[in-house]
Amino acid sequence: IYKYLIKLNQDPNRIIGKLILIVEVTEMRRLEKMRTEFVANVSHELKTPLTSILGFVETLKNGAIDNEKVRDKFLNIIEIEAERLTRLIDDLLTLSDIESNKLSSNKKEYIDVYEEMIQIKDMMEEIAKQKDIEFICEIQESLPNIYGNRDWFKQMIINLVDNAIKYTPEGGIVRVSAYEKENSIFISVKDTGIGIPKKDIPRLFERFYRVDKARSRKVGGTGLGLAIVKHIVLSFGGKVDVYSEEGKGAEFLVKIPL
Ligand code: ADP
């Protein structure tokens, strides 16, 4: 534009107008803030188990190792915290893989939804049984195939069912259903657990967002499960909705267009 103005006006010292350039930076600032927050969150989440591990190792070295009972208890804690670190790193790698949507990591194929859901059912049924939770699975037979990454599809359902089991007290019910409607496949994961307060629902799919940090930690959560679900659903061109009444349960409804 500057060169064009100079051409129009042979004398570059004569002012013939003003050029105002406005750049909208709100979105850039928002992304930058999210990135900074994410790095801070990751550091904090990694540091917590590490501090605990180092603390117990130090105590063992300082003499606790001689007491068999104390030693076993501390080693147990170290093991639990190390497993937590592994889960966290695995989830971070999965999330970065899905988010970057690299062609090499997103191997797409036709997925037999019925077949996959039956496999997931067999696996999750066992976990529910251990917690005395009734697991009901209703899958419409002859569901049409969908196109996308099979591993990601499985991971998405497992994360939702795993949460339903984690946040439902003993004696509760987890119901998974899959059906075809409106040229889409719907997958619903519904539980009779603690539910989610209305105010928390809009932020639920953010990384590391938890309604109750202490409870999430206790049940072994990394705070990344739903962020992973959201990005997988997006990779299928779908959407996920949450319906919940606090204290009565929650439903996560995934819609994937055919
Ligand atoms: P986490 O590893 O903490 O479970 P997620 O990303 O999977 O992390 O879930 C985020 C938060 O959403 C959880 O900490 C929990 O507070 C809430 N949440 C997820 N699923 C359910 C559910 N089925 N019932 C109640 N709360 C849930």
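Computed from heavy atoms alone, side chains included, the values below leave out hydrogens, waters and symmetry copies. Each ligand, and each atom within it, is numbered from 1 in the order the structure gives.
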J.: Please report which non-hydrogen protein atom sits nearest to atom 7 (O) of ligand 1, along with the residue it belongs to and the distance in Å to one decimal place.
T.: Asn163 ND2, 2.9 Å
J.: Heavy-atom contact check, 4.0 Å cutoff: does Gly195 meet ligand 1?
T.: yes
J.: Taking only distance into account, with no hydrogens and no angle test, what donor-acceptor pairs under 3.5 Å do side-chain atoms of residues 236-247 form with protein atoms, sequence neighbours excluded?
T.:
| residue | atom | partner | partner atom | Å |
| --- | --- | --- | --- | --- |
| Lys239 | NZ | Asp241 | OD2 | 3.0 |
| Ser244 | OG | Ile196 | N | 2.8 |
| Ser244 | OG | Gly249 | O | 2.8 |

J.: Looking at atom 3 (O) of ligand 1, what's its closest protein heavy atom, distance included?
T.: Ser216 OG, 2.5 Å
J.: Short N/O distance, under 3.5 Å, between Tyr209 and ligand 1?
T.: no
J.: Please could you name the atoms of ligand 1 that Gly221 approaches to less than 4.0 Å, counting only its heavy atoms?
T.: 1 (P), 2 (O)
J.: Going by distance only, is there an N or O of Val211 that falls short of 3.5 Å from an N or O of ligand 1?
T.: yes
J.: Can you figure out which of Asp212, Ile196, Leu226, Val242 has its heavy atom closest to atom 6 (O) of ligand 1?
T.: Leu226
J.: Say whether, by atom type as modelled, one donor and one acceptor occur between the side chain of Glu24 and the main chain of Thr26 under 3.5 angstrom.
T.: yes
J.: Quick one: are Glu27 and Leu31 in side-chain contact, heavy atoms under 4.5 Å?
T.: yes
J.: Can you tell if the side chain of Ile228 reaches within under 4.5 Å of the side chain of Met156, non-hydrogen atoms only?
T.: no
J.: Would you please determine whether Lys166 falls within less than 4.0 Å of ligand 1 on a heavy-atom basis?
T.: yes
J.: Please tell me if the side chains of Phe135 and Met124 come closer than 4.5 Å, counting only heavy atoms from C-beta onward.
T.: yes
J.: Taking only Lys NZ, Arg NE, NH1 and NH2, and the carboxylate oxygens of Asp or Glu, determine whether Glu83 and Arg87 approach each other closer than 4.0 Å.
T.: no
J.: Can you name the atoms of ligand 1, numbered from 1 with element, that are less than 4.0 Å from a heavy atom of Thr222?
T.: 2 (O)
J.: Quick test of your reading of the model: are Arg217 and Glu81 salt-bridged, counting only N-O distances below 4.0 Å?
T.: yes
J.: Students should be able to answer this: which protein heavy-atom is nearest to atom 23 (N) of ligand 1, and at what distance?
T.: Asp191 OD2, 2.9 Å
J.: Given Tyr167, Phe208, Phe252, Phe205, which one has a non-hydrogen atom that is nearest to atom 13 (C) of ligand 1?
T.: Tyr167
J.: By the definition salt bridge (Lys or Arg N to Asp or Glu O under 4.0 Å), identify the one residue from Glu99, Glu45, Glu37 that meets it with Arg207.
T.: Glu99
J.: Has ligand 1 got any nitrogen or oxygen that is less than 3.5 angstrom from a nitrogen or oxygen of Gly225?
T.: yes
J.: Sort and list the pairs that fulfil side chain to side chain donor-acceptor pair (under 3.5 Å) and have at least one residue in residues 159-170, not counting sequence neighbours.
T.: Gln155-Asn159, Asn163-Lys166
J.: Answer yes or no: is there an ion pair linking Glu32 with Arg29, defined by an N-O contact shorter than 4.0 Å?
T.: no
J.: Are any of the N or O atoms of Gly223 closer than 3.5 Å to those of ligand 1?
T.: yes
J.: For atom 14 (O) of ligand 1, what is the closest protein heavy atom, and at what distance to 0.1 Å?
T.: Arg210 CG, 3.1 Å
J.: Which residue holds the protein heavy atom closest to atom 12 (O) of ligand 1, what is that atom called, and what is the gap in Å?
T.: Leu204 CD1, 3.5 Å
